Amino acid sequence: MTSVHTFAIGDVHGRADLLRALLDGISKQAECLGIVYRIVFLGDIVDRGPDSRQAMNLVAETLKQIPASRLILGNHDSFILRILDETDPFRKQALLLHWIAKMGGAATLASYGFDLSDALDRILDVVDVDHVAILRAAERYVELDHHILVHAGVEPGVPLAQQDPYKLMWIREPFLSFTGSFGKTVVHGHTPTSVMVERIRGRIAIDTGAHDRSILSALHIPPRGSERVLQAVAPVRNVVTLIDGGFLDLGGGQVAGHLHSRFAKNA
C-alpha cells in the first residue's frame, strides 16, 4: 500500500450528486497523474440530504471496483444499526423517532421509499440489506504511514488500538481543542468546518457541509509529499462544479476549539 494514493472523503449526508461528481473527478485526476489510488469514506453517508440510498449505492460500487477502498463507520451510519439491532419494541420506537426528528433520518427513509404514514417497524423491510451489510463491515479507523483516518476524532493520550469505538464516531472534546501530538496527523469529519478544509495542529478537518453548504471535500494523501484538497461544489441546484480546493490553516487548538463550538449541537 505504500505506493497507493488515498483519497479521504468527508461526510456525504445524502448528497449523492456531490459524491458522484467527486468520485468522477478523483478518477479523472488519477488517470491524468498515472497513479494507483483508493477511496476511504470517513462516514456519515446517510441522513439529512435527499438521496442517502443512491449515496450508499455509490459507496458500494466504489468498495467493489476500487481495490483497498474502505468505509469508516460514522455516528449517523451506526445509528441505523443501533435501531435495527434493538430488541425492545418500545426502545426501538424511541430510537426511530429520535433518528427521524433529530438526525435527519426522515430523508434517509424517504430515499428508500418509506412513507412516514406507514408503521415505523416497516423500516426493517425497506432498508437495502446489502447496504446494512456494508455498514456492519465498516472500519472504525484506517491507519496510514503518517495519517489516521477516522470519523469524529480520537481521545488524546489513548493508543489507537485501545480507542473507544463510540468516541471514534462521536468525540468532540477534548479532541478538538487538544494542542499536543497525536503521533500522526488525524484526518476527520463529523464536526463541520467554517467553510474550507481546515488544517489545525495535529489534525485536518474535512467535513465542509455537504448538506448545509453543498460542498463535499476529499483530501488527497499521496505516499510522499503534501496533501491536496479536491471539492465538489454546487452553488446552484443541480449544477456541480469540481475545483482544486485549499486549506484554511488555523494553527493552534484553542482557536480551532472556539470556531468549532458554533456547530457542535447539529452534527
Side-chain angles (χ1 to χ4, degrees), residues 8-20 22-23 38-142 149-152 163-170 188-190 207 210-211 216 267:
I9 295 180
D11 302 35
V12 177
H13 280 306
R15 289 301 301 268
D17 57 335
L18 297 176
L19 180 57
R20 185 181 296 106
L22 192 55
L23 290 170
R38 66 168 178 172
I39 301 293
V40 177
F41 300 97
L42 297 193
D44 279 7
I45 308 301
V46 301
D47 292 350
R48 294 184 177 151
D51 208 345
S52 290
R53 185 176 194 172
Q54 183 56 31
M56 282 298 301
N57 282 337
L58 291 169
V59 171
E61 292 170 10
T62 301
L63 296 178
K64 182 177 180 180
Q65 295 174 5
I66 303 177
S69 292
R70 296 288 185 269
L71 168 64
I72 294 172
L73 196 68
N75 59 306
H76 283 259
D77 312 315
S78 70
F79 210 84
I80 293 176
L81 300 181
R82 184 178 174 188
I83 293 168
L84 293 173
D85 293 341
E86 179 57 58
T87 57
D88 183 286
F90 296 103
R91 180 62 178 161
K92 182 186 286 285
Q93 178 143 332
L95 290 172
L96 272 167
L97 292 173
H98 176 81
W99 180 49
I100 290 168
K102 303 294 185 180
M103 299 182 67
T108 298
L109 290 177
S111 75
Y112 282 93
F114 181 81
D115 188 335
L116 289 179
S117 65
D118 293 342
L120 286 179
D121 57 10
R122 266 203 64 231
I123 184 177
L124 297 171
D125 302 322
V126 299
V127 177
D128 193 314
V129 294
D130 292 335
H131 293 173
V132 173
I134 289 171
L135 295 181
R136 292 196 187 283
E139 310 286 346
R140 293 309 188 266
Y141 62 86
V142 171
L149 313 184
V150 66
H151 176 64
Q163 291 281 331
D164 181 347
Y166 180 87
K167 291 182 179 179
L168 293 175
M169 295 185 294
W170 288 90
H188 67 96
H190 184 59
D207 177 5
H211 168 58
L216 178 63

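The figures that follow rest on heavy atoms only: side chains count, while hydrogens, waters and symmetry mates do not. Computed from a predicted model, the values in this text were never measured in an experiment. Residue numbers count from 1 along this sequence.
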Would you mind writing out the side-chain donor-acceptor pairs for residues 133-141 within the sub-3.5 Å range, not counting sequence neighbours?
{"residue": "Arg136", "atom": "NH1", "partner": "Asp85", "partner atom": "OD1", "Å": "3.4"}
{"residue": "Arg136", "atom": "NH1", "partner": "Asp85", "partner atom": "OD2", "Å": "3.1"}
{"residue": "Arg136", "atom": "NH2", "partner": "Asp85", "partner atom": "OD1", "Å": "2.7"}

Inset, instruction - Side-chain contact test, heavy atoms from C-beta onward, threshold under 4.5 Å: evaluate it for Leu95 versus Phe79 and give yes or no. - result: yes
Inset, instruction - First locate atom CG of Leu58, then atom CG of Leu23, and finally report the distance between them rounded to the nearest 0.5 Å. - result: 6.0 Å
Legend entry - Asp77 side chain vs Asp44 backbone, donor-acceptor pair below 3.5 Å: yes
Legend entry - Taking every non-hydrogen atom, the tightest pair across Pro50 and Ser111: O-CB, 3.9 Å
Inset, instruction - Take Lys92 and Ile83, measure what side chain to side chain contact (heavy atoms under 4.5 Å, CB included) needs, and give me the verdict at the end. - result: CA-CA 6 Å; Lys92 182 186 286 285; Ile83 293 168; 4.2 Å; yes
Inset, instruction - Compare all side-chain heavy atoms of Val40 with those of Ile9 and state whether any distance is below 4.5 angstrom. - result: no
Inset, instruction - Kindly give the heavy-atom pair with the smallest separation between Ala16 and Ala55, and that separation in Å. - result: CB-N, 3.7 Å
Legend entry - Those residues that, when tested against Asp47, pass side chain to side chain donor-acceptor pair (under 3.5 Å) (two or more places apart): His76, Trp99, Thr108
Inset, instruction - Over all heavy atoms of both residues, which pair between Ser78 and Trp170 is shortest? Give the atoms and the distance, please. - result: OG-NE1, 4.5 Å
Legend entry - Contacts of type side-chain contact (heavy atoms from CB on, under 4.5 Å), residue His131, not counting sequence neighbours: Arg53, Met56, Asn57, Tyr112, Asp128
Inset, instruction - Give a yes or no answer on whether the side chain of His188 reaches the backbone of His151 with a donor-acceptor pair at less than 3.5 Å. - result: no
Inset, instruction - Kindly indicate whether the side chain of Asp17, heavy atoms from C-beta on, has any atom under 4.5 Å from the side chain of Gln54. - result: no
Inset, instruction - State, with a plain yes or no, whether a side-chain heavy atom of Ser52 is found less than 4.5 Å away from one of His13. - result: no
Inset, instruction - Taking Asp11 for its side chain and His190 for its backbone only, find out whether a donor-acceptor pair lies under 3.5 Å. - result: yes
Inset, instruction - Check the pair Arg91 / Arg82 against side chain to side chain contact (heavy atoms under 4.5 Å, CB included), numbers first and verdict last. - result: CA-CA 11 Å; Arg91 180 62 178 161; Arg82 184 178 174 188; 2.8 Å; yes
Inset, instruction - Side-chain contact test, heavy atoms from C-beta onward, threshold under 4.5 Å: evaluate it for Leu216 versus Val12 and give yes or no. - result: yes
Legend entry - Arg15 side chain vs Ala210 backbone, donor-acceptor pair below 3.5 Å: yes
In a table with atom names and distances, give each donor-acceptor pair under 3.5 Å that connects a side chain of residues 67-74 to protein atoms at least two apart or in another chain.
{"residue": "Ser69", "atom": "OG", "partner": "Ile39", "partner atom": "N", "Å": "3.0"}
{"residue": "Ser69", "atom": "OG", "partner": "Ile39", "partner atom": "O", "Å": "3.4"}
{"residue": "Ser69", "atom": "OG", "partner": "Ile66", "partner atom": "O", "Å": "3.0"}

